[in-house]
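Encoded as structure tokens, the structure appears first; notes follow it.
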Number of protein chains: 2
Amino acid sequence: MTAVAELFWTVSYDRTTVDQICERAGVKKGSFYHFFADKAELVDASLEREWEKYRPKLDAIFSASVPPAERIRAHCEFVVQEQRDLKACHGHVLGCPLCTLGTEISTQDGTLRRRVQGILEHGIGYLTTAIRDGHAGGDWQAPDARAKAERIHTYQLGLMIQARIYDDLGVLAELTRGTFELLGAAVPESTRVGGPGAAKTKTKTKTARVTAKTRAENRRP
Amino acid sequence: MTAVAELFWTVSYDRTTVDQICERAGVKKGSFYHFFADKAELVDASLEREWEKYRPKLDAIFSASVPPAERIRAHCEFVVQEQRDLKACHGHVLGCPLCTLGTEISTQDGTLRRRVQGILEHGIGYLTTAIRDGHAGGDWQAPDARAKAERIHTYQLGLMIQARIYDDLGVLAELTRGTFELLGAAVPESTRVGGPGAAKTKTKTKTARVTAKTRAENRRP
DNA sequence: CTGATAGTTGACTAAACGGTCAAATCAACT
DNA sequence: AGTTGATTTGACCGTTTAGTCAACTATCAG
């Protein structure tokens with residue numbers, strides 16, 4: 001399951017073969033088919049497992065004991081940091097695995113599509129709660145918290161997709177700022193690192209898209 | 001080129017085989033390899049051609065002779081209508097072909113990735129101009145038109161992705177409204193169809209996501 | 001120790017795949 | 001009519017793919 005999660009994220013669902021999965025997992029194909037009917041079933045199980053591994057992290061970030069604005073800010077920065085690590089590890093910006101997979105299989109496999117949907121829905125849930133709490137606390141105006149959450153979630157997905165397509169972490173520098181603009185609130189000061197103003201992380205963002213490196217990437221390396 | 005554009009959109013890039021392309025195009029494989037070195041080269045050429053076919057439509061929609069707000073509104077509705085037609089034709093919401101393709105090939109093929117990037121960039125260009133014009137005309141406040149355009153574009157991409165993943169046109173019902181909320185302006189009255197208020201197109205949006213049909217879609221139909 | 005059950009293995013198939021090629025066809029020009 | 005170069009064709013090749021299977025092994029309860 002770990003093997004397949006990495007493969008369909010770094011490569012693609014269709015291009016990932018059962019042989020590759022087995023090799024990566026150190027398992028023979030016969031064993032694979034003993035447990036799973038086909039690739040789709042494995043991916044389905046893998047998604048569920050990865051989500052269960054991810055959930056406690058979100059629970060911590062979106063803890064009700066943290067001020068709502070801080071939850072949302074922390075989540076943004078968590079996502080960016082995660083992408084940084086992945087880029088360092090795999091050499092590419094990978095973006096949101098649910099989008100990558102979901103986009104590819106949506107016209108092929110209804111079951112998988114619905115699983116992806118379900119997980120995305122959970123994400124919107126966290127956001128909705130935080131936004132509702134912030135509204136109740138007067139941090140911002142969002143009478144319809146769910147609608148606001150959907151809008152922000154959509155923006156965030158769009159940014160992740162672009163980060164992958166541009167293969168550029170610079171795109172994500174906008175994440176926090178953009179999110180709070182949509183929220184109609186100021187980005188809260190970081191509560192953990194340094195003093196006030198520590199949130200400023202070198203705003204080389206603006207021209208990031210144009211500066212996209214022209215390094216000689218060949219086809220099918 | 002037409003064949004491949006349809007296939008990698010309705011199916012997926014990796015899953016689309018050269019044989020399929022040739023069959024769809026009514027061409028023998030030998031002929032194919034006479035003109036293109038491989039699939040990637042064909043897709044590259046196809047993208048360029050499709051973009052050239054698409055460009056005049058955008059030119060018309062974003063014509064400087066049309067009020068800026070109306071350009072943006074018309075574009076939103078054009079996109080939605082296009083998706084409706086595609087759904088009617090192919091049975092699935094296909095979303096943005098650039099995202100579908102870009103997401104899949106971004107870690108594989110640098111050349112294709114950059115071509116997708118370039119076309120997306122053009123899209124942001126149209127939006128930037130319209131936003132700048134609107135700002136100059138006092139329709140909205142957007143001193144940094146480019147930044148605003150990027151934000152809106154990101155939102156729109158996010159929505160398209162979700163429409164595909166959810167396989168639900170209902171998601172797109174938010175497109176115009178969301179766009180203009182980000183713009184900080186009211187949705188202009190439709191100028192072509194019916195009298196004032198004609199823009200209201202049955203707001204069944206709200207629950208759309210939950211209502212996502214549970215029809216029995218099997219794997220690999 | 002025994003026997004049942006769960007898991008593992010590598011060899012196997014049949015189909016599909018990307019890609020090649022020599023020969024045939026076509027269109028245009030001399 | 002003959003020459004040339006661009007295009008088309010279908011047969012072909014080696015590889016990769018998903019998926020199968022009978023035989024083997026580890027585990028563990030009785």
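Keep in mind that the numbers below use all heavy atoms, side chains included, and drop hydrogens, waters and symmetry copies. Bear in mind that the values here come from a model prediction, so they are computed numbers and not experimental data.
A donor-acceptor pair under 3.5 Å is absent between the side-chain atoms of B/S63 and the main chain of B/D59, judged by distance alone.
Across all strands, B/T17 comes closer than 4.0 Å only to sugar-phosphate atoms, never to a base (heavy-atom distances).
Cation-pi geometry between B/K39 and B/F8 is not met: the NZ or CZ atom fails to fall both under 6.0 Å from the ring centre and inside 45° of the normal.
Of all the heavy atoms in B/Q162 and B/V171, the pair that sits closest is CB-CG1, 4.1 Å.
Ring geometry for B/Y126 against B/W51 counts as perpendicular: the plane angle is over 60°, on a 0 to 90° scale with 30° as the lower cut.
Counting only N and O atoms by type, the side chains of B/Y166 and A/E121 include a donor and acceptor under 3.5 Å apart. A/E104 and B/T103 form no side-chain donor-acceptor contact under 3.5 Å, judged by distance and modelled atom types alone.
Looking at A/L159, A/L157, A/I161, A/V79 one by one, the single match for side chain to side chain contact (heavy atoms under 4.5 Å, CB included) with A/C96 turns out to be A/L157.
Taking the 5' to 3' direction, DNA chain C first and last meets chain A under 4.0 angstrom from a heavy atom at C/dG7 to C/dG10. For DNA chain D, the span of nucleotides reached by chain A at under 4.0 Å from its heavy atoms goes, 5' to 3', from D/dT17 to D/dC21.
Salt-bridge check for A/R49 with A/E52: failed, with every basic side-chain N at 4.0 Å or more from each acidic carboxylate O.
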